[in-house]
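In what follows, a structure is listed as structure tokens, so that the remarks can point back to it.
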Amino acid sequence: MRTIEFIIDEKNEGVKIRSFLRSFGVSTALLTKLKNSENGITVNGSFARTIDPLHTGDVLKINIENSGKMPEPVKMDVDVVYEDEDLIVFNKPPHMPVHESRHHIGDTLSNFASYYLGENGAFRAVYRLDNDTSGLVLVAKNMFVAGKLAGAIKKDYYAVACGIIENDGVIDKPIARCSNSIIKREVREDGAFAVTHYEVVSVKGNTTLVKLNLETGRTHQIRVHMEYIGHPLLGDTLYGTPSEAIARQALHCKDIYFTHPVTEKEMHITCDYPTDIKNII
């Protein structure tokens, strides 16, 4: 159980609990759960309804169940980069899916999270990374945090691209699924709006380390856009060619930035490059 407390100030005098909580990012689904839970919402220690008005100085509390459906727990070698009462950040290794699927049972980040968090935990990944993309994955421990953070994370990706890139740039090209594939994407005029910013970090041999930021989150966006400008990611066999230097696309989510949903503190969490990318750069 996670209890979040609000002290009501003068500007919220007379505001109904429902409106107050919605203004703080409480979703309709969570609000419904709170309404239907015993002591899900209390004011000054007593049960309260969502239609009740608030008054200056009131202590409003919401009591959120953390637990949820979890896959089979499996002990694995995954680093926990940051953790507090509301969220946890894992450093996902390459070759590991985030969620279970028909072809991946028991070998995913969700399986490790189930092992790490225990029977009272829940796996609410705020965003996903491709199987072979390494780096930071933020997991919310309750519905309130998950709702507040959805779409609110700034991510710095780093990738090793084939060829020499001389200047920073922006790729503003729509992306669509290839007509002959359920997996592969391509730049196509009838596709979904997609924008990628890239910045040259360093050049080594015939490769360039670039930092990338996304305005949108299309499937395979970085990989598709970099292939489009003639610099596919090193080791990307779907959009480029295999490499003896690395057994996957050289892509890593190294830094994330967000405002903490409860403390409102500005957060910056970082992790090192994995060994395979470090050996290249």
Side-chain angles (χ1 to χ4, degrees), residues 81 89 91-96 98 127-138 151 153-178 180-181 183-258 268-281:
V81 181
V89 182
N91 183 6
K92 185 184 83 68
H95 315 297
M96 177 183 285
V98 172
Y127 55 87
R128 299 173 61 174
L129 299 180
D130 290 345
N131 292 10
D132 290 343
T133 299
S134 57
L136 301 175
V137 176
L138 191 155
I153 311 295
K154 178 184 179 292
K155 299 183 282 290
D156 286 348
Y157 291 91
Y158 287 79
V160 181
C162 296
I164 297 174
I165 303 173
E166 296 182 347
N167 300 304
D168 304 344
V170 179
I171 309 166
D172 182 353
K173 292 292 180 181
I175 293 174
R177 183 158 56 188
C178 295
N180 60 349
S181 174
I183 298 173
K184 194 173 183 180
R185 268 63 176 174
E186 64 183 352
V187 166
R188 206 169 68 218
E189 288 309 311
D190 64 342
F193 173 71
V195 179
T196 302
H197 298 257
Y198 62 92
E199 177 184 328
V200 176
V201 178
S202 62
V203 174
K204 182 178 180 182
N206 195 39
T207 63
T208 305
L209 177 66
V210 289
K211 173 184 168 185
L212 304 116
N213 298 106
L214 307 180
E215 287 189 27
T216 51
R218 309 303 177 198
T219 300
H220 297 175
Q221 179 172 322
I222 289 173
R223 299 163 66 187
V224 174
H225 272 172
M226 293 305 291
E227 186 270 338
Y228 176 78
I229 65 170
H231 296 282
L233 302 192
L234 191 68
D236 191 343
T237 56
L238 187 60
Y239 297 100
T241 57
S243 169
E244 294 183 358
I246 191 168
R248 57 150 179 141
Q249 69 262 10
L251 180 59
H252 181 65
C253 181
K254 190 175 184 295
D255 297 86
I256 59 173
Y257 307 81
F258 60 95
H268 171 210
I269 298 172
T270 187
C271 66
D272 199 2
Y273 297 106
T275 302
D276 57 0
I277 290 181
K278 195 179 291 185
N279 288 341
I280 297 167
I281 63 175

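No hydrogens, no waters, no symmetry mates; every other heavy atom, side chains included, goes into these values. Model, not experiment: these values are computed from the prediction.
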Note to self: Among Arg218, Lys173, His231, which residue satisfies the side chain to side chain contact (heavy atoms under 4.5 Å, CB included) criterion with His225?
What the structure shows: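 When side chain to side chain contact (heavy atoms under 4.5 Å, CB included) is applied between His225 and each of Arg218, Lys173, His231, only Lys173 qualifies.
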Checklist line | Tyr273: which of Val160, Ile280, Ile281, Asn279 passes side chain to side chain contact (heavy atoms under 4.5 Å, CB included) | finding: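 Going through the options one by one, the only one that passes is Ile281.
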State the [atom1]-[atom2] distance between [X] and [Y], to the nearest 0.5 angstrom.
| X | Y | atom1 | atom2 | answer |
| --- | --- | --- | --- | --- |
| Asp276 | Ile246 | CG | CD1 | 3.5 Å |
| Leu238 | Glu227 | CG | CD | 9.5 Å |
| Asp156 | Thr270 | CG | OG1 | 8.5 Å |
| Leu234 | Arg248 | CG | CZ | 10.5 Å |
| Ile222 | Thr196 | CD1 | OG1 | 6.5 Å |
| Asp255 | Ile153 | CG | CD1 | 13.0 Å |

When you compare the side chain of [Y] with that of [X], does any pair of heavy atoms fall below 4.5 Å?
| X | Y | value |
| --- | --- | --- |
| Tyr127 | Val98 | no |
| Val170 | Tyr198 | no |
| Ser134 | Pro93 | no |
| Arg177 | Lys184 | no |

If every non-hydrogen atom of [X] is compared with every non-hydrogen atom of [Y], which pair is closest and at what distance?
| X | Y | result |
| --- | --- | --- |
| Val81 | Cys271 | CG2-CB, 4.4 Å |
| Thr216 | Leu214 | O-CB, 3.1 Å |
| Ala159 | Leu212 | CB-CD1, 3.6 Å |
| Gly191 | Ala176 | CA-CB, 3.7 Å |
| Ile175 | Thr219 | CG2-O, 4.4 Å |

Item checked: Distance-only side-chain donor-acceptor flag, Asn131 / His95, under 3.5 Å ->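 Side chains of Asn131 and His95: no pair found under 3.5 Å.
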Item checked: Donor-acceptor side-chain pairing of Asn213 and His197 below 3.5 angstrom ->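 His197 and Asn213 do not have a side-chain donor-acceptor pair below 3.5 Å.
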Look at the side chain of [X] and the backbone N and O of [Y], then say whether any donor-acceptor pair between them is shorter than 3.5 Å.
| X | Y | answer |
| --- | --- | --- |
| Arg185 | Ile183 | yes |
| Lys92 | Thr133 | yes |
| Gln221 | Val195 | yes |
| Lys204 | Thr208 | no |

Checklist line | Aromatic Tyr157 / basic Lys254 pairing, under 6.0 angstrom, 45° off normal | finding: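 The answer is no, since Lys254 fails at least one limit relative to Tyr157.
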Checklist line | Close aromatic pair by centroid cut-off 6.0 Å: Tyr158 and His252 | finding: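 Here the rings of His252 and Tyr158 have centres that are no less than 6.0 Å from each other.
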Next item on the list: Carefully, step by step, assess Leu136 and Ile269 under the rule side chain to side chain contact (heavy atoms under 4.5 Å, CB included).
Entry: CA-CA 8 Å; Leu136 301 175; Ile269 298 172; 4.2 Å; yes
Check: Are Lys278 and Asp272 close enough, and set up right, to give a salt bridge (charged side-chain N to carboxylate O under 4.0 Å, His left out), and what steps lead you there?
Finding: CA-CA 9 Å; Lys278 195 179 291 185; Asp272 199 2; 2.6 Å; yes
Margin query: What verdict does the side chain to side chain contact (heavy atoms under 4.5 Å, CB included) test give for Ile256 and Val89, after you've listed the backbone C-alpha separation in whole Å, the side-chain angles of each residue and the deciding distance to 0.1 Å?
Written below: CA-CA 10 Å; Ile256 59 173; Val89 182; 4.2 Å; yes
Next item on the list: Mark yes when over 12 heavy atoms from residues, nucleotides or ligands other than Tyr228 sit less than 6.0 Å from its OH; otherwise mark no.
Entry: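 At most 12 heavy atoms, drawn from other residues, nucleotides or ligands, come within 6.0 Å of this atom.
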Notebook entry, point to check: With a cut-off of 6.0 Å (strictly less than), are more than 12 heavy atoms of other residues, nucleotides or ligands near CZ of Arg188?
Noted result: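 More than 12 heavy atoms, drawn from other residues, nucleotides or ligands, come within 6.0 Å of this atom.
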Note to self: Between Tyr239 and His220, is the ring pair (Phe, Tyr, Trp, His ring centres under 6.0 Å) condition met? List the steps.
What the structure shows: CA-CA 10 Å; Tyr239 297 100; His220 297 175; 5.6 Å; yes
Item checked: Pair Lys211-Val200, side chain to side chain contact (heavy atoms under 4.5 Å, CB included): steps then yes or no -> CA-CA 7 Å; Lys211 173 184 168 185; Val200 176; over 6 Å; no
